[in-house]
Visitor: 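Please find one structure pasted underneath; my questions will follow.
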Amino acid sequence: MEVTADEVLPEVNATAAEFLDQNEPAEEEQMERDNGGERKRERETPPEDDCCPICFSSFTVPCRGNCGHWYCGSCILQYWNYAAVSKPCKCPMCVRHITTLSPEASLQERQEQEVKEVLAKIRRYNRLFVGGLTGFLQKLKELPLLIKRMVWRMMDPDTNTLYFHEVRIFAMLMSTLYTAAEFSFIPTGGFRIVTVFDYCAIAMILILRVVGIYRRRRLPQRVRHIAAAELEPE
């Protein structure tokens, strides 16, 4: 029996189409994996032709905020030092709150002391703003740090935030503890103990601001003295 080309050609075409249909999903999956790996690498490393938008220099200890923007670790932490005490800082680029800082993956293998210190501060920052009960407990644990930051903020003449409400609430809590413990070593002069603590809190705020203004005025003099000492011949 003689087989013609017209009879064989449809079968060959059907087999080839079936083979292509089987291979297309595999090729698409491979392309998706390759693209996904490339996007992951882009997320884990800062752009090569970019710089830190705070210091405008090459990235040192680069870390990425949850908004996607990259910064030097020390730069964004220093920027946070001028932000609210108990709140995450806002991204200078998109004004979103940065609740998580992700360092570049390769930094975990670095052994330099400076890199280790910055990474430790980044982990501390992330723990503070993890949210929920864990974040609240972490803030209680880091209360000395938050109080220190609050004191420095109150001493800064450039800020208008004096934390009157926060300090007065803290004074009210201290007066409640003082009353509950039945202490009586503080002279009240006829005032209620709550009033005494409140006045002390206001006085402390004003004293810290005066100290901050004094330090600011003394700073140029100290700089001039240091510069003059360096210029003096040995």
Side-chain angles (χ1 to χ4, degrees), residues 54 63 65-67 71 73-92 94-102 117-220 222:
I54 296 179
C63 60
N66 52 287
C67 59
Y71 300 95
S74 56
C75 288
I76 193 63
L77 291 174
Q78 187 69 20
Y79 181 79
W80 175 58
N81 286 334
Y82 292 94
V85 171
S86 58
K87 296 180 181 179
C89 68
K90 290 184 178 180
C91 173
C94 63
V95 201
R96 286 179 57 188
H97 281 103
I98 300 178
T99 55
T100 305
L101 290 171
S102 302
E117 290 178 358
V118 175
L119 292 178
K121 292 178 180 179
I122 290 174
R123 288 192 292 269
R124 192 178 194 180
Y125 178 93
N126 291 337
R127 288 195 301 266
L128 279 174
F129 305 115
V130 70
L133 180 60
T134 305
F136 177 74
L137 294 177
Q138 186 62 33
K139 286 182 180 179
L140 290 179
K141 182 180 178 181
E142 300 289 348
L143 194 59
L145 170 67
L146 298 178
I147 293 176
K148 180 181 178 181
R149 281 172 47 82
M150 183 182 294
V151 170
W152 280 107
R153 288 277 289 175
M154 288 189 290
M155 292 175 61
D156 187 2
D158 295 331
T159 180
N160 295 325
T161 306
L162 292 177
Y163 298 102
F164 268 110
H165 297 294
E166 290 84 351
V167 175
R168 294 181 71 181
I169 289 173
F170 180 75
M172 183 179 66
L173 292 176
M174 293 300 296
S175 65
T176 303
L177 292 175
Y178 180 86
T179 304
E182 298 182 354
F183 291 134
S184 59
F185 59 87
I186 298 179
T188 59
F191 295 99
R192 294 188 307 163
I193 191 64
V194 176
T195 306
V196 173
F197 272 90
D198 190 39
Y199 287 166
C200 289
I202 296 173
M204 183 189 70
I205 293 172
L206 297 177
I207 290 172
L208 288 174
R209 179 48 60 95
V210 171
V211 171
I213 294 173
Y214 174 76
R215 285 167 56 91
R216 174 63 58 84
R217 291 182 176 275
R218 288 279 298 171
L219 183 60
R222 292 176 60 187

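Below, each value reflects all heavy atoms present in this structure, side chains not excepted, and no hydrogens, waters or symmetry copies.
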Visitor: I'd like to check the side chain to side chain contact (heavy atoms under 4.5 Å, CB included) partners of Ile213; sequence neighbours left out, ordered by chain and number.
Guide: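 Here the qualifying residues are Pro157, Arg209, Arg217.
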
Visitor: Hey, does Trp80 have a side-chain heavy atom less than 4.5 Å from the side chain of Leu128?
Guide: yes

Visitor: Working to the nearest 0.5 angstrom, can you tell me the gap between Ser74 OG and Glu117 CD?
Guide: 11.0 Å

Visitor: One pair to check against side-chain contact (heavy atoms from CB on, under 4.5 Å): Leu173 and Leu177. What are the steps and the verdict?
Guide: CA-CA 6 Å; Leu173 292 176; Leu177 292 175; 5.6 Å; no

Visitor: Closest heavy-atom contact between Lys90 and Val95?
Guide: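 Answer, listing the atom of Lys90 first, then Val95: CD-CG1, 3.8 Å.
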
Visitor: Looking at residues at least two apart in the chain, or sitting in another chain, which of them share a side chain to side chain contact (heavy atoms under 4.5 Å, CB included) with Val211?
Guide: Met155, Ile207, Arg215

Visitor: List for me each residue that meets side-chain hydrogen bond (donor to acceptor under 3.5 Å, both in side chains) alongside Arg168, sequence neighbours excluded, and say none if there are none.
Guide: Asp198

Visitor: Could you check whether atom OH of Tyr178 has more than 12 heavy atoms from other residues, nucleotides or ligands sitting under 6.0 Å from it?
Guide: yes

Visitor: Could you list the residues that satisfy side chain to side chain contact (heavy atoms under 4.5 Å, CB included) with Ser102, not counting sequence neighbours?
Guide: Arg64, Thr100

Visitor: What's the separation between atom CE in Met174 and atom OG1 in Thr179, rounded to the nearest 0.5 Å?
Guide: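 If we round to the nearest 0.5 Å, Met174:CE and Thr179:OG1 are 11.0 Å apart.
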
Visitor: Looking only at non-hydrogen atoms, find the nearest pair between Leu101 and Cys63 and report the distance.
Guide: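 That would be CD2-SG, 4.2 Å.
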
Visitor: For Arg192, give me all partners under salt bridge (Lys or Arg N to Asp or Glu O under 4.0 Å), at least two apart in sequence or on another chain.
Guide: none

Visitor: Output the distance between atom OH (Tyr125) and atom CG (Leu77), rounded to the nearest 0.5 Å.
Guide: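 Output value for this atom pair is 8.0 Å.
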
Visitor: According to side chain to side chain contact (heavy atoms under 4.5 Å, CB included), who are the partners of Cys200, at least two apart in sequence or on a separate chain?
Guide: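 If we apply the side chain to side chain contact (heavy atoms under 4.5 Å, CB included) test to Cys200, skipping adjacent residues, the hits are Val196.
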
Visitor: Roughly how far apart are Cys89 SG and His97 NE2, rounded to 0.5 Å?
Guide: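 Cys89 SG to His97 NE2: 8.5 Å, rounded to 0.5 Å.
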
Visitor: Using side-chain hydrogen bond (donor to acceptor under 3.5 Å, both in side chains) as the criterion, list what pairs up with Arg218, not counting sequence neighbours.
Guide: Gln221

Visitor: For Arg216, check side-chain hydrogen bond (donor to acceptor under 3.5 Å, both in side chains) against everything at least two apart and list the hits.
Guide: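 For Arg216, the residues satisfying side-chain hydrogen bond (donor to acceptor under 3.5 Å, both in side chains) (neighbours in sequence not counted) are Asp156, Asp158.
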
